[in-house]
2 protein chains.
Amino acid sequence: MKTNFKRKLIIVDDHLLFSQSLELLIKSFGEYDVIERFENGKVFIDYLEENNPTDIDLILLDVNMPVLDGLSTMKWLKDNRPDLKVIALSVNDDEEIIIKMITNGAKGYLLKDTSPEIFKDAIECVVEKGFYFTELVSGMLINKVNNDNKKISLKEKEIVFIKHACTEMTYKEIASEMCLSPKTIDGYRESLFDKLEIKTRIGLVLYAIKHKIVFV
Amino acid sequence: MKTNFKRKLIIVDDHLLFSQSLELLIKSFGEYDVIERFENGKVFIDYLEENNPTDIDLILLDVNMPVLDGLSTMKWLKDNRPDLKVIALSVNDDEEIIIKMITNGAKGYLLKDTSPEIFKDAIECVVEKGFYFTELVSGMLINKVNNDNKKISLKEKEIVFIKHACTEMTYKEIASEMCLSPKTIDGYRESLFDKLEIKTRIGLVLYAIKHKIVFV
DNA sequence: TTCAGCAAGGGGAAATATACCCTTTTTTGT
DNA sequence: ACAAAAAAGGGTATATTTCCCCTTGCTGAA
């Protein structure tokens with residue numbers, strides 16, 4: 001007669017092999033039930049909107065998913081269901097994305113190479129105390145607040161220009177493509193070189209790829 | 001009294017959460033036992049060399065791992081234990097790596113978003129019939145043999161030059177870095193532009209990143 | 001053995017493209 | 001109405017791209 005007191009979990013992950021396996025692992029802990037699984041943020045949000053469930057104890061949210069990814073899902077949750085507790089799961093330790101998930105309300109961020117023991121701790125901790133941050137994550141948070149003053153923000157036109165700069169077009173061609181004078185383009189270029197502390201178009205391309213402005 | 005006839009599997013994957021969960025899933029199929037789990041190719045090979053096991057029915061090998069990755073492990077197996085059957089598991093469908101895993105002896109290649117049902121089929125199929133290829137993989141094999149004639153091969157010097165070209169150095173600087181005349185560098189550049197069908201240094205950078213000659 | 005052929009390394013020169021600096025006009029927000 | 005951006009222009013110095021030619025050394029076939 002103890003089954004009614006199990007915590008209710010939801011898994012959102014496109015790797016079916018993983019999510020279905022993880023369900024078994026979580027159930028083996030004995031204290032949790034996986035009540036639903038979804039393969040991307042879209043179908044998960046659809047479910048939330050249709051059913052408006054109020055008895056969910058924890059969401060395990062994958063970061064890299066097709067259709068609607070973890071970050072977009074997290075942003076939606078922040079606006080629409082801030083009551084739901086989320087632990088983000090991911091294979092990558094990219095600082096940018098970790099910070100964004102946390103600032104959008106994730107209560108924890110675990111890498112998929114975490115041991116099951118720590119995983120169990122994290123689930124318990126978030127359900128009971130409300131959050132769980134590994135050293136990796138807290139380190140990044142500290143690093144972030146220290147460097148936050150020198151943040152770089154790019155305007156929409158600049159982004160468009162950068163994308164074109166990552167092709168074999170000349171600046172002249174880019175100018176006509178964007179319906180601007182080559183001199184304006186030159187202005188964009190110069191201000192970006194300045195902002196991003198680079199000296200050549202090659203540097204711009206490398207920056208764009210590193211910061212996922214363009215994809216290769 | 002049926003436990004002795006279960007097939008013996010080994011999982012090699014650095015994502016502990018995944019491998020431990022997957023073990024539960026596989027056991028739930030009823031016909032298989034996961035006799036060992038390893039978190040990278042190195043410790044797996046160490047185990048093989050020490051124990052020389054002969055009763056392994058199947059290896060589930062992750063492609064992206066630290067220390068020694070799936071491809072290197074596969075190459076070792078091809079040379080040292082070609083009797084072992086391997087299904088490669090990965091999140092990415094990069095043609096290059098799939099082809100290499102297959103040509104190095106993997107009997108199957110599954111993406112981690114495969115459904116557990118197909119996964120079960122694949123395991124059975126490889127254990128019984130010796131191989132299992134999804135449409136994705138066979139499509140790539142066909143595509144490969146068709147395009148194999150127009151393969152591009154780069155010389156060592158060219159690779160070095162490309163790596164330098166993916167920095168903010170000028171060609172002159174690259175020349176002095178490589179202890180060659182700027183004119184020789186210019187020759188490399190021109191022949192590469194020709195071979196790779198590109199027209200600018202930007203194109204070279206994009207090519208290099210796409211083909212993993214440099215990393216960002 | 002000799003010689004054609006080819007690849008690697010280097011050269012001249014001209015046409016474009018990039019990068020930098022500084023000024024002027026146009027638009028915009030308040 | 002006015003200051004701040006955004007857009008555009010002038011001028012100049014390098015860097016890059018393109019084309020065509022030269023040497024040297026090696027290799028394979030006659």
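Throughout, a chain's letter reflects where its sequence line sits, starting with A, and its residues are numbered from 1.
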Undergrad: List in chain and number order the residues that pass side chain to side chain donor-acceptor pair (under 3.5 Å) with A:Arg7, two or more places apart in sequence or in another chain; answer none if no residue qualifies.
TA: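 Side chain to side chain donor-acceptor pair (under 3.5 Å) list for A:Arg7, sorted by chain: A:Glu128.
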Undergrad: Describe, as an angle rounded to 10 degrees, how the axis at the first end of the helix from C:dT1-D:dA30 to C:dT30-D:dA1 is tilted relative to the axis at the last end, five pairs per end.
TA: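 The value is 40°.
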Undergrad: Rounded to the Å, how far apart are A:Leu204 CG and C:dC20 P?
TA: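 It works out to 12 Å between those atoms.
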Undergrad: For A:Ser115, check side chain to side chain donor-acceptor pair (under 3.5 Å) against everything at least two apart and list the hits.
TA: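 A:Ser115: side chain to side chain donor-acceptor pair (under 3.5 Å) contacts with A:Glu117.
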Undergrad: Please enumerate all residues that pass ring-ring contact (aromatic ring centres under 6.0 Å, His included) together with B:Phe44, with sequence neighbours excluded.
TA: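 Testing B:Phe44 for ring-ring contact (aromatic ring centres under 6.0 Å, His included), a comparison that skips the adjacent residues, returns B:Phe38.
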Undergrad: Take A:Leu22 and A:Asp13 through the test side chain to side chain contact (heavy atoms under 4.5 Å, CB included) and record every step on the way to the result.
TA: CA-CA 10 Å; A:Leu22 190 66; A:Asp13 195 313; over 6 Å; no
Undergrad: Show me the side-chain donor-acceptor pairs of residues 160-173 of chain A shorter than 3.5 Å, one per line, residues at least two apart or across chains.
TA:
unit_1   : atom_1 : unit_2   : atom_2 : d
A:His164 : ND1    : A:Val160 : O      : 3.3
A:Thr167 : OG1    : A:His164 : O      : 2.7
A:Thr167 : OG1    : A:Met169 : N      : 3.1
A:Glu168 : OE1    : B:Lys199 : N      : 3.2
A:Glu168 : OE2    : B:Lys199 : N      : 2.9
A:Glu168 : OE2    : B:Thr200 : N      : 3.1
A:Glu168 : OE2    : B:Thr200 : OG1    : 3.4
A:Thr170 : OG1    : A:Lys172 : N      : 3.4
A:Thr170 : OG1    : A:Glu173 : N      : 3.1
A:Glu173 : OE1    : A:Thr170 : N      : 2.8

Undergrad: How many whole angstroms separate atom CD of B:Glu156 from atom P of C:dG9?
TA: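 So the two atoms are 13 Å apart, to the nearest Å.
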Undergrad: Check each residue of residues 163-181 of chain B for a non-hydrogen atom within less than 4.0 Å of any atom in DNA chain D, then write out the ones that pass by number, or none.
TA: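 Per residue number, the list reads B:Thr170, B:Tyr171, B:Lys172.
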Undergrad: Taking only N and O in the side chain of B:Thr184, is any of them less than 4.0 Å away from OP1 or OP2 of C:dA8?
TA: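 For C:dA8, neither OP1 nor OP2 has a side-chain N or O of B:Thr184 closer than 4.0 Å.
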Undergrad: Identify the heavy atoms of B:Leu89 and B:Asp62 that sit nearest to each other, and give their distance.
TA: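 Result for this residue pair: O-OD1, 3.1 Å.
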Undergrad: Not counting sequence neighbours, which residues clear side chain to side chain donor-acceptor pair (under 3.5 Å) with B:Lys85? List them please.
TA: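 Side chain to side chain donor-acceptor pair (under 3.5 Å) check on B:Lys85 returns nothing, list empty.
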Undergrad: Less than 4.0 angstrom from a charged side-chain N to a carboxylate O is my criterion; do A:Asp46 and A:Lys42 meet it?
TA: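 Answer for the salt bridge query: yes.
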Undergrad: Quick one: how far along DNA chain D does chain A reach, first to last nucleotide 5' to 3', anything under 4.0 Å to a heavy atom?
TA: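 With heavy atoms of chain A under 4.0 Å away, the range is D:dA6 to D:dG11.
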Undergrad: In whole Å, what is the span from the CD1 atom of A:Ile202 to the P atom of C:dA17?
TA: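 A:Ile202 atom CD1 is separated from C:dA17 atom P by 16 Å.
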Undergrad: Just list the side-chain donor-acceptor pairs under 3.5 Å for residues 54-61 of chain B, sequence neighbours left out, or say none.
TA:
unit_1  : atom_1 : unit_2 : atom_2 : d
B:Asp57 : OD2    : B:Lys8 : N      : 2.7

Undergrad: What is the distance from CZ of B:Arg201 to C1' of C:dA17, rounded to the nearest Å?
TA: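 After rounding, the gap between these two atoms is 13 Å.
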Undergrad: Is the B:Phe133 ring parallel, tilted or perpendicular to the B:Phe131 ring (thresholds 30°, 60°)?
TA: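 Geometry flag for B:Phe131 against B:Phe133: tilted rings.
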Undergrad: Just jot down the side-chain contact (heavy atoms from CB on, under 4.5 Å) partners of B:Ser191, sequence neighbours excluded, or say none.
TA: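 Applying side-chain contact (heavy atoms from CB on, under 4.5 Å) to B:Ser191 gives B:Glu158, B:Lys195.
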Undergrad: Could you list the residues that satisfy side chain to side chain donor-acceptor pair (under 3.5 Å) with A:Ser72, not counting sequence neighbours?
TA: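 Counting only residues at least two positions away or on another chain, A:Ser72 forms a side chain to side chain donor-acceptor pair (under 3.5 Å) with A:Asp69.
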Undergrad: Do you know the tightest heavy-atom contact between A:Val63 and A:Ser90?
TA: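 Smallest interatomic distance, heavy atoms only, reads CG2-CB, 3.6 Å.
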Undergrad: Measure from CZ on B:Arg189 to P on C:dA8 and round the result to the nearest Å.
TA: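 To the nearest whole Å, that distance equals 16 Å.
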Undergrad: Could you give the CZ-to-C1' distance, from A:Phe161 to C:dT18, as a whole number of Å?
TA: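 Taking atom C1' of C:dT18 as the reference, CZ of A:Phe161 is at 11 Å.
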Undergrad: Which nucleotides of nucleotides 21-30 of chain C have their base under 4.0 Å from a protein heavy atom (B), which only their sugar-phosphate (S), and which neither (-), written as one string 5' to 3'?
TA: B---------
